[in-house]
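Structure first, then comments.
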2 protein chains.
Amino acid sequence: MDPHLLTTFVTVARRGSFSAAAAELGYTQSAISQQIAALEADLGLALLSRRPVEPTPAGRRLLEHAGPLLLRLRAARADVLRAAAGPRHRLRLAATPLAVNAAVAGRLARARAAQPRLDVTLVSCGREQVGALVAEGEADLGLADGIAAPSDPLRLPDTGPMTTVAVSEEELVVALPAGHPVAGRTALRLDDLVDARWLQTEVCPLARLRDLAGDGFPVALEYRGDDVHTVINLVAAGHGLTLLPASALSTGSVPPATRGVPLAWPRLVHRVELLHGALPPGSAADLARTLSS
Amino acid sequence: MDPHLLTTFVTVARRGSFSAAAAELGYTQSAISQQIAALEADLGLALLSRRPVEPTPAGRRLLEHAGPLLLRLRAARADVLRAAAGPRHRLRLAATPLAVNAAVAGRLARARAAQPRLDVTLVSCGREQVGALVAEGEADLGLADGIAAPSDPLRLPDTGPMTTVAVSEEELVVALPAGHPVAGRTALRLDDLVDARWLQTEVCPLARLRDLAGDGFPVALEYRGDDVHTVINLVAAGHGLTLLPASALSTGSVPPATRGVPLAWPRLVHRVELLHGALPPGSAADLARTLSS
DNA sequence: TCGTCTTACGAGAAGCGTAAGAATT
DNA sequence: AATTCTTACGCTTCTCGTAAGACGA
């Protein structure tokens with residue numbers, strides 16, 4: 001179970017080809033073949049079927065472990081090196097788009113006012129990447145958003161030893177086009193909308209809603225991306241409904257064709273969490289304190 | 001960051017000696033020395049100070065990562081092998097002593113009645129070990145107990161991809177000797193007892209209480225072990241107070257010198273959780289279903 | 001027949017043990 | 001002086017690349 005071999009295995013499985021993996025990793029096909037053979041011999045199992053190259057059931061099982069395992073390995077290495085390198089002057093902050101709401105932006109401004117010499121790079125990324133970037137030390141702090149019950153933590157993929165602190169919780173609204181039959185209501189229940197047309201987005205994954213409010217929630221349109229403005233326009237055009245934090249619909253740039261109606265049941269909030277590894281005392285720790293205060 | 005070298009590093013750090021680690025791992029001192037040198041060269045950092053052999057700050061940082069990392073590696077290997085080996089007929093159940101309460105024992109009996117061919121081995125172990133045993137496939141199912149707020153999950157150390165299901169929640173009582181000033185009360189608040197003498201036990205770690213009810217809770221006596229009967233006798237003898245699930249004090253074998261007074265604040269319960277990895281359909285999945293029903 | 005994976009073989013690197021050296025107590 | 005870690009050196013093992021072979025499409 002050498003990580004080296006594991007990396008090769010993951011690459012071969014992803015590319016579906018020994019030769020493609022060889023090219024990607026800078027080896028010859030022969031070396032890849034031998035590495036896979038060594039891994040299979042070590043476990044005593046066939047991990048890949050050849051022609052076509054596809055993981056066997058055992059291989060699929062191993063793949064589920066291999067990704068997080070290799071991530072943690074890189075994270076450990078990066079963390080040790082980073083801790084030894086000492087504090088950086090330019091902080092990197094990885095954040096999902098909706099995590100940077102008014103409250104967070106305000107606190108960030110407060111921190112920068114208190115520490116004028118603080119340089120910050122804000123990197124926008126997807127929800128799964130926040131944890132990985134922080135774990136690997138690519139980012140000093142991470143901000144992730146999601147939908148959760150009040151005071152409940154987000155269920156973020158585990159990427160290693162990491163501290164998560166709640167930063168903000170905010171009311172959720174159902175975003176719908178102005179002409180929608182229920183657009184005039186003052187509050188909505190999710191179970192009244194199980195048969196409505198819904199957008200499948202990263203902000204509001206429908207699988208999450210089915211967990212919380214029962215089956216249903218047919219997918220009208222899937223949006224792969226994380227631009228809030230795009231989502232709002234899709235809603236306005238009647239492609240489907242979605243949940244958004246209230247503030248996302250009250251920033252002025254919203255087309256008048258979109259309405260937001262507060263969600264009365266289930267009790268859900270839009271939650272933002274701050275992620276970080278062990279922070280050396282210094283500007284990163286100060287910023288973390290300000291952001292979570 | 002070869003896991004091989006990581007294992008050596010962990011062993012050297014634990015034993016505080018290259019030669020002792022060599023003996024434990026079956027290498028020569030020379031090989032250990034070379035392995036540590038290779039790891040340090042790879043990271044470009046000194047991980048151990050010599051004479052005496054102690055981890056440097058960077059080494060301590062690495063140690064925090066290495067243990068969980070190696071555990072996950074073993075767990076992944078075991079999981080893949082176990083999945084490929086197919087279902088076992090003898091199930092192994094790892095459980096902390098207090099996790100096997102009347103409810104759990106009853107459900108286990110029910111499962112065995114429904115499946116007469118079900119062979120079960122019940123292995124008693126500590127709270128940290130449950131997760132490790134399940135992760136490594138040494139146990140098919142795990143039962144862990146602990147103190148938590150109602151409906152809150154236990155904070156168990158992360159040992160890999162694992163499902164945890166609540167099995168039972170039960171009232172907590174303050175166990176105290178019959179002659180104790182507050183033994184006659186019908187309910188107690190924890191903050192009235194911050195200055196009392198407390199036992200430090202695995203069932204009721206005082207650090208946990210300080211988290212929940214503020215500072216205080218001086219350690220009168222520390223008991224390293226997990227025998228409930230022993231704890232009860234220590235309480236009866238006036239060594240200190242502790243929290244126990246109500247049923248542990250109503251099983252008949254309790255010395256009459258011990259009283260249990262319900263805990264009124266904070267709202268805490270004794271919770272038992274079932275841990276398991278991905279279960280192949282079969283007797284293990286059936287048992288898990290019965291235990292958590 | 002072509003593309004792709006496997007196998008054979010040799011060169012180089014890596015890892016371990018023996019044994020001698022160095023440093024600390 | 002004794003203990004313990006480090007270094008030097010040779011041997012073995014491992015791993016990779018080249019090249020030829022086998023297997024399917």
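Chain letters run A, B, ... following the sequence lines, proteins first and then strands; every chain starts at 1. The structure presented is a predicted model; accordingly, all values stated were derived computationally and were not measured.
For the pair A:E40 CD and C:dT6 C1', the interatomic distance rounds to 12 Å; values are reported in whole Å. Separating the CG atom of B:L39 from the P atom of C:dA14 is a distance of 16 Å, rounded to the nearest angstrom. Look at CG on A:L47: it is 16 Å from P on C:dC5, rounded to the nearest Å. Distance B:D2 CG to C:dG15 P: 8 Å, rounded to the nearest Å. Whole-Å rounding puts the A:F18 CZ to D:dA22 P distance at 19 Å. What separates CG of B:L5 from P of C:dA14 is a distance of 13 Å, to the nearest Å. Atom CD of B:E54 and atom C1' of D:dC5 are 16 Å apart (whole Å). One can place CZ of B:R15 at 15 Å from C1' of D:dT4, the figure rounded to the nearest angstrom.
Comparing D:dC5, D:dT7, C:dT7 against the side chain of B:R50 picks out D:dC5 as the nearest. Considering only side-chain atoms of A:S19, the nucleotide from D:dC5, C:dT18, C:dC5 that sits closest is C:dC5. If you check D:dC5, D:dC16, C:dG17 against the side chain of B:T28, the one that comes closest is C:dG17. Comparing atom distances between the A:A31 side chain and each of C:dT6, D:dG17, D:dT6 picks out D:dG17 as nearest.
In terms of polar N and O atoms assigned as donor or acceptor, the side chain of A:Q29 never comes within less than 3.5 Å of the base of C:dG3 in a complementary pairing. Judged by distance alone with a 3.5 Å cut-off, a donor-acceptor contact links the side chain of B:S30 to the base of D:dT7. Residue-to-nucleotide contacts include no donor-acceptor pair under 3.5 Å from the side chain of A:S17 to the base of C:dT4.
The side chain of A:S33 places an N or O atom within less than 4.0 Å of a non-bridging phosphate oxygen (OP1 or OP2) of C:dT6. Under 4.0 angstrom from either OP1 or OP2 of C:dC5 there lies no side-chain N or O belonging to A:Q34.
Residues A:H276 and A:D140 bring no donor and acceptor atom of their side chains to less than 3.5 Å of each other. B:Q35 and B:T8 share a donor-acceptor pair across their side chains, judged by distance under 3.5 Å alone. Using modelled atom types, one finds no donor on one side chain facing an acceptor on the other under 3.5 Å when comparing B:Q29 with B:S33.
In this structure, A:E273 does not pair ionically with A:R155, as no charged nitrogen and carboxylate oxygen lie closer than 4.0 Å.
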Intermediate values then yes/no, salt bridge (Lys or Arg N to Asp or Glu O under 4.0 Å), A:E24 and A:R14: CA-CA 11 Å; A:E24 182 172 328; A:R14 177 165 43 80; 2.7 Å; yes
